[in-house]
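Working notes for the structure below.
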Amino acid sequence: MTVLGIESSCDETSAAVVTSDGEIRSLVVASQSEIHARYHGVVPEVASRAHVEQILPVVRQALRESQSPRDAIDAVAVTNRPGLSGSLAVGVSFAKGWSLATGIPLVTVDHMAAHAYAARLASREDPLPYPYLVLLVSGGHTMLAQSVAPEELHVLGTTIDDACGEAYDKVSAFLELGYPGGPAIDRLAASGDHRAYTFPTPRPGSRAGRYDLSYSGLKTAVVYQREKFWNQSYPQTRENIAAAFQHRAISMLMERLRLAMADTGIPRVAVGGGVAANSLLRRELEQLAMEDPAYRVVLPPPLLCLDNAAMVAGLGAQAFAARGGDDLSVGVSARVSEFRGSGLSPRR
Ligand code: KG4
Ligand code: ZN
């Protein structure tokens, strides 16, 4: 089976053609980050308009590069949740129109499940077996889940305030490093010493779950209360601030992940989302993989970690095979789905 995938949930317009055995025949991503840079973040209204302009050329290019004739496409898959409503509506409306014009069925997928599925595409030669734990970290989401089947995620924990990437972007704006902030802080941190500041480890509070995270306290500590956490034997440089922030931001993720591995006994781990490109997180995960021969860690290449349509097409192929297509009256949803088991996560 061959599927055309479309992704437009945030600020990337992407299309891809992927087969059900995970071969990526084409992948085109048009990023809007330059457009949003002047606002230090994604402006929803601006994002929707850019999707409207980009979607047709991006889909055409993906179809052309895949060298698949249109009648070789079995389904069109599109992200319809969660994300920015206006952005989602552009991709979903386009996919519906394409489906109506071609008679090729439509299948909608969840963006978080698609991020989790990217690990299956990345491990195609030796597919990562289910269940696996997956850390999904970007500018819009921070989630630790157990991936049980292509469309089934058991959410273990999420951020209770800011997303991890959002904290990177805000600290970057404070340090005047531009947008997106993650890559800039990552680069600057390489020449800093994290011991210069001991930023606090936020406790999400008694009502939060065992695996929940919080980033707003860390952001506030960096921007407004640095002096309080400064170790005076080190100079107060931007490099040192970046290194100390990054050290704390990533160690929070690794702590929750290790906790979930111990609790569930699942030794398989995957990552997704823009922050999965972070050099410290990747180093920590590579180190984790070496700790025990039973551990297996899949770090998809950055293109498959960022928002992309290959993960949507790949998951769409599995979804279509399992449950067929969706009705053309299907809508969009901005909210994260209530995945099965999400209410069952262990509580503190
Ligand atoms: O997945 P993505 O492209 O878009 C969504 O937010 O859905 O992720 C973008 C986020 C931004 O917040 C960016 O600052 C962060 O990922 N990011 C990084 C790195 N590269 C991108 N954060 C930390 N370190 C990086 N190397
Ligand atoms: Zn995403």
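Every number for a ligand or one of its atoms is a count from 1 in the order of the listing. Computed over heavy atoms, backbone and side chain alike; hydrogens, waters and symmetry mates excluded. This one's a predicted model, so the numbers in the text were calculated from it and none came from an experiment.
Across Cys164 and Leu253, no two heavy atoms sit closer than the pair SG-CD1, 4.3 Å. Here the closest heavy-atom approach between residue Pro202 and residue Met252 is recorded as CD-SD, 3.5 Å.
Ordered by chain and residue number, the residues placing a heavy atom less than 4.0 Å from ligand 1 are Glu12, Ser138, Gly139, Gly140, His141, Gly165, Tyr168, Asp169, Pro180, Gly181, Gly182, Pro183, Asp186, Gly273, Gly274, Val275, Ala277, Asn278, Leu306, Asp307.
Between His111 and His141, the two ring planes are tilted [angle within 30° to 60°].
For Glu291, the CD atom is densely surrounded, since the number of other residues' heavy atoms within 6.0 Å is greater than 12.
With a cut-off of 2.8 Å, the protein N/O/S atoms near the Zn ion (ligand 2) add up to 4.
Between the Asp326 side chain and the Thr108 main chain, a donor and an acceptor come within less than 3.5 Å of each other. In this structure, Asp162 contributes its side chain and Ala167 its backbone to no donor-acceptor pair below 3.5 Å.
A salt bridge does not link Arg49 to Glu53: none of the charged nitrogens lies less than 4.0 Å from a carboxylate oxygen.
Aromatic ring centroids of Phe245 and Tyr168 lie under 6.0 Å apart.
Thr13 OG1 to Ile55 CD1: the interatomic distance, rounded to the nearest 0.5 Å, is 6.5 Å.
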